[in-house]
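Sharing a structure, written as structure tokens. Questions coming.
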Number of protein chains: 2
Amino acid sequence: MPTDEREANELLARLAKALGHPARVAIMRLLVRREGCVCGEIVDELPFAQSTVSQHLKQLKEAGLIRGEVDGPRVCYCVEPGAVALLRALVEGL
Amino acid sequence: MPTDEREANELLARLAKALGHPARVAIMRLLVRREGCVCGEIVDELPFAQSTVSQHLKQLKEAGLIRGEVDGPRVCYCVEPGAVALLRALVEGL
DNA sequence: CCCATTCATCGTAAATCGCCGATGAACGAA
DNA sequence: TTCGTTCATCGGCGATTTACGATGAATGGG
């Protein structure tokens, strides 16, 4: 949790921006629900091409919301520990 | 609070997208803090041109986060009642 | 009735987004 | 080594965002 307000604004903005698309919210919900890792099943759950889903995952990863670990030929994604809590705290601190 | 998950996703995405810029987070914080209405003072608080701030305000308004009431030659903005609570609930429900 | 103030909107330019198909890289299996 | 699978990345397209200055509409003061 940043003490500086400017930092808090930028951090919250970064997280919020990452959630600023229904598909990415759906991905987050999916990963929280299974609270473990998932892979290309995410693609099956969404009505988008594989490359599109991959880009959404990239955005969530770059925002620090999720993490992807290589597991053989596939990649398992899971929620970055503490990320949701941080988001909640930032929204709470509005 | 929507019961349908798709609706919840779209709503959260809409709110999050509106918060997806540091300036807009700063505006929200400003309005929450004064928990009343403010006008062009917002412009003075931000390092942007008046027209730019006006656009940010428009986005927040369209997302349902703030409201603007005309008061003579100026416009007073305030947080839409319940909007922050709704946002918190949606983030909580992740 | 003017004029200044306040704010929204328009027009514009650069950057980013969102989507796709195609390609590339990494890995396991045969 | 040669496939097939899985996923990331590239290239491209139209749409959207972000920023600005300029203009326009509404209001109140003189």
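Every chain is numbered from 1 and lettered A, B, ... according to where its sequence line falls, protein lines coming before strand lines.
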- A:K58 atom NZ is separated from C:dC20 atom C1', nearest whole Å, by 16 Å

- Task: Please report, rounded to the nearest Å, how far the C1' atom of C:dC7 is from the CD1 atom of B:I27.
- Result: 14 Å

- Task: With sequence neighbours excluded, tell me which residues meet side-chain contact (heavy atoms from CB on, under 4.5 Å) with A:T52.
- Result: A:F48, A:A49, A:H56

- Task: Sort out for me which residue in B:V25, B:I42, B:L46 forms a side chain to side chain contact (heavy atoms under 4.5 Å, CB included) with B:L30.
- Result: B:I42

- Task: Grab the CD1-C1' distance between B:I42 and C:dA8 for me, whole Å please.
- Result: 14 Å

- Task: Applying side-chain contact (heavy atoms from CB on, under 4.5 Å), name anything that partners A:K58, two or more places apart in sequence or on another chain.
- Result: A:E62

I'd like a table of donor-acceptor pairs (distance under 3.5 Å, sequence neighbours excluded) in which one partner is a side-chain atom from residues 78-94 of chain B, with atom names and distances.
unit_1, atom_1, unit_2, atom_2, d
B:E80, OE1, B:R67, NE, 3.4
B:E80, OE2, B:R67, NH2, 2.5
B:R88, NH1, A:V91, O, 3.1
B:R88, NH1, A:E92, O, 2.8

- Message: Heavy atoms within less than 4.0 Å of DNA chain C: which residues of residues 67-75 of chain B have one? Give them sorted by number.
- Response: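 Hits under 4.0 Å, by residue number: B:P73, B:R74, B:V75.
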
- Any pair with a residue in residues 6-29 of chain A that passes salt bridge (Lys or Arg N to Asp or Glu O under 4.0 Å), sequence neighbours left out, goes on the list, sorted by first then second residue, please. none

- Query: Which nucleotides of nucleotides 18-24 of chain D have their base under 4.0 Å from a protein heavy atom (B), which only their sugar-phosphate (S), and which neither (-), written as one string 5' to 3'?
  - Reply: BBBBB--

- Item | Nearest-0.5 Å distance that lies between atom CG in A:L15 and atom CG in A:L11 |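 Between atom CG of A:L15 and atom CG of A:L11 there are 5.0 Å.
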
- Note, B:E69 side chain near B:Y77 side chain (heavy atom, < 4.5 Å): no

- For A:L57 and D:dT6, what is the distance between atoms CG and P respectively, to the nearest whole Å? 16 Å

- All heavy atoms of A:A18 vs all of A:A63, minimum pair found to be CB-CB, 3.5 Å

